[in-house]
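Accompanying notes for the structure given below.
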Amino acid sequence: MITVKVLTSSDLPLLLNIADDVFDNPVDEAFAREFLADPRHHIVVALSEGVVIGFASAVRYIHPDKPTELWINEVGVAEADQNKGVGKAIMNEMLRLGKQLGCVNAWVLTDRSNEAANRLYQSVGGNIAEGDTVMYEFGTVEE
């Protein structure tokens with residue numbers, strides 16, 4: 001049986017007990033503790049027998065001229081648990097959380113070629129935004 005849960009700062013032990021291929025890298029305890037302590041950072045996980053088999057992380061952010069939005073940063077599901085509704089359950093819970101937080105909308109970026117992600121986001125009501133968005137990445141600036 002799978003349980004979907006919004007983690008809080010008291011859930012650090014859960015975030016340290018993950019299936020091997022859920023996150024891109026091993027979870028760092030210090031980073032995880034800081035993430036869970038930040039009230040604008042959110043993570044929803046799917047648990048199977050106490051092990052995290054999937055997650056979605058997000059940031060609730062505000063801007064001086066825009067209402068609160070939820071930026072869904074990343075979604076991951078262990079390969080053995082893909083195509084079983086785990087990602088959809090996680091996304092639905094994250095969207096419910098966004099509504100509870102007063103966010104007017106939520107958004108996520110993915111590559112057009114990522115068929116699994118596109119199917120997931122469409123299955124929970126996502127629509128491809130109009131426009132020709134381009135993402136730039138930057139390293140930190142050294143003086």
Side-chain angles (χ1 to χ4, degrees), residues 2-79 81-82 84-143:
I2 294 174
T3 303
V4 177
K5 177 178 176 48
V6 177
L7 298 187
T8 67
S9 59
S10 64
D11 291 318
L12 180 63
L14 288 176
L15 196 51
L16 298 176
N17 189 22
I18 59 168
D20 290 336
D21 56 349
V22 173
F23 287 90
D24 295 331
N25 301 300
V27 172
D28 179 286
E29 185 172 345
F31 295 158
R33 187 180 316 279
E34 182 178 1
F35 182 97
L36 291 173
D38 189 318
R40 292 208 178 151
H41 286 86
H42 306 281
I43 189 164
V44 172
V45 299
L47 299 158
S48 177
E49 298 180 12
V51 176
V52 173
I53 60 167
F55 81 99
S57 61
V59 177
R60 179 182 62 85
Y61 68 94
I62 58 172
H63 198 271
D65 68 336
K66 296 175 184 74
T68 304
E69 294 184 319
L70 188 69
W71 166 49
I72 301 170
N73 178 45
E74 189 173 1
V75 179
V77 176
E79 188 172 345
D81 296 292
Q82 292 177 1
K84 297 179 180 176
V86 174
K88 188 172 184 174
I90 292 167
M91 282 295 297
N92 281 328
E93 185 62 24
M94 183 61 80
L95 295 172
R96 276 191 288 276
L97 177 62
K99 185 174 183 176
Q100 290 172 359
L101 295 169
C103 298
V104 296
N105 67 345
W107 59 275
V108 63
L109 296 173
T110 193
D111 295 325
R112 290 188 189 278
S113 62
N114 188 335
E115 293 176 14
N118 281 287
R119 279 193 313 271
L120 170 61
Y121 303 142
Q122 290 172 12
S123 78
V124 295
N127 297 304
I128 296 174
E130 293 183 23
D132 192 21
T133 302
V134 176
M135 183 178 89
Y136 289 88
E137 293 180 331
F138 301 91
T140 55
V141 178
E142 295 184 29
E143 291 185 28

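Just so you know, these numbers use all the heavy atoms, side chains as well, and skip hydrogens, waters and symmetry mates. For reference, positions follow the sequence shown, starting with 1.
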Taking side chain to side chain contact (heavy atoms under 4.5 Å, CB included) as the definition, give me every residue that meets it alongside A37, ordered by chain and number, with sequence neighbours left out. none
Nearest 0.5 angstrom please: L15 CG to L36 CG, how far? 5.5 Å
K5 and L14, any side-chain heavy atoms less than 4.5 Å apart: yes
Just by distance, do the side chain of D20 and the backbone of A78 share a donor-acceptor pair under 3.5 Å? no
Between M91 and I72, is any pair of side-chain heavy atoms under 4.5 Å apart? yes
Throw together a table of side-chain donor-acceptor distances under 3.5 angstrom for residues 46-59, partners on residues two or more places apart or in other chains.
none

Check D81 against K84 and note the closest heavy-atom contact, atom names and distance. O-CB, 3.7 Å
Report the distance from atom NE2 of H42 to atom CH2 of W71, rounding to the nearest 0.5 Å. 12.5 Å
For a quick test of your reading: what N or O donor-acceptor pairs under 3.5 Å do the side chains of residues 102-109 make, sequence neighbours left out?
residue : atom : partner : partner atom : Å
N105    : ND2  : E69     : OE2          : 3.3
W107    : NE1  : Y61     : OH           : 2.9

The criterion is salt bridge (Lys or Arg N to Asp or Glu O under 4.0 Å); which residues satisfy it with D21, sequence neighbours excluded? none
Holding to salt bridge (Lys or Arg N to Asp or Glu O under 4.0 Å), I want the full list of residues that pass it with K99, two or more places apart in sequence or in another chain. none
Enumerate, atom names and distances included, each donor-acceptor pair closer than 3.5 Å involving a side-chain atom of residues 22-32, sequence neighbours excluded.
residue : atom : partner : partner atom : Å
D28     : OD1  : A30     : N            : 2.9
D28     : OD1  : F31     : N            : 3.0
E29     : OE2  : R33     : NH2          : 2.6

Any residue meeting side chain to side chain donor-acceptor pair (under 3.5 Å) with N17, in chain and number order, not counting sequence neighbours: none
Looking at residues at least two apart in the chain, or sitting in another chain, which of them share a side chain to side chain donor-acceptor pair (under 3.5 Å) with T8? S10, D11
Sequence neighbours excluded, the answer for ring pair (Phe, Tyr, Trp, His ring centres under 6.0 Å) partners of Y121 is none
Is there side-chain contact between L101 and T68, with heavy atoms separated by less than 4.5 Å? no
Is there side-chain contact between L70 and L95, with heavy atoms separated by less than 4.5 Å? no
Show every salt bridge (charged side-chain N to carboxylate O under 4.0 Å, His left out) that has at least one partner inside residues 119-141, sequence neighbours left out. none
Should we say atom CD of E74 is surrounded by more than 12 heavy atoms from elsewhere, each under 6.0 Å from it? yes
Nearest 0.5 Å, what's the CZ-CD1 distance between R40 and I62? 4.0 Å
Determine the minimum heavy-atom distance between I90 and V45, stating which atoms define it. CG1-C, 4.5 Å
Run the salt bridge (Lys or Arg N to Asp or Glu O under 4.0 Å) test against E93 and tell me which residues pass, sequence neighbours left out. R96
Contact summary for V77 and Q82, nearest pair of heavy atoms: O-NE2, 2.9 Å
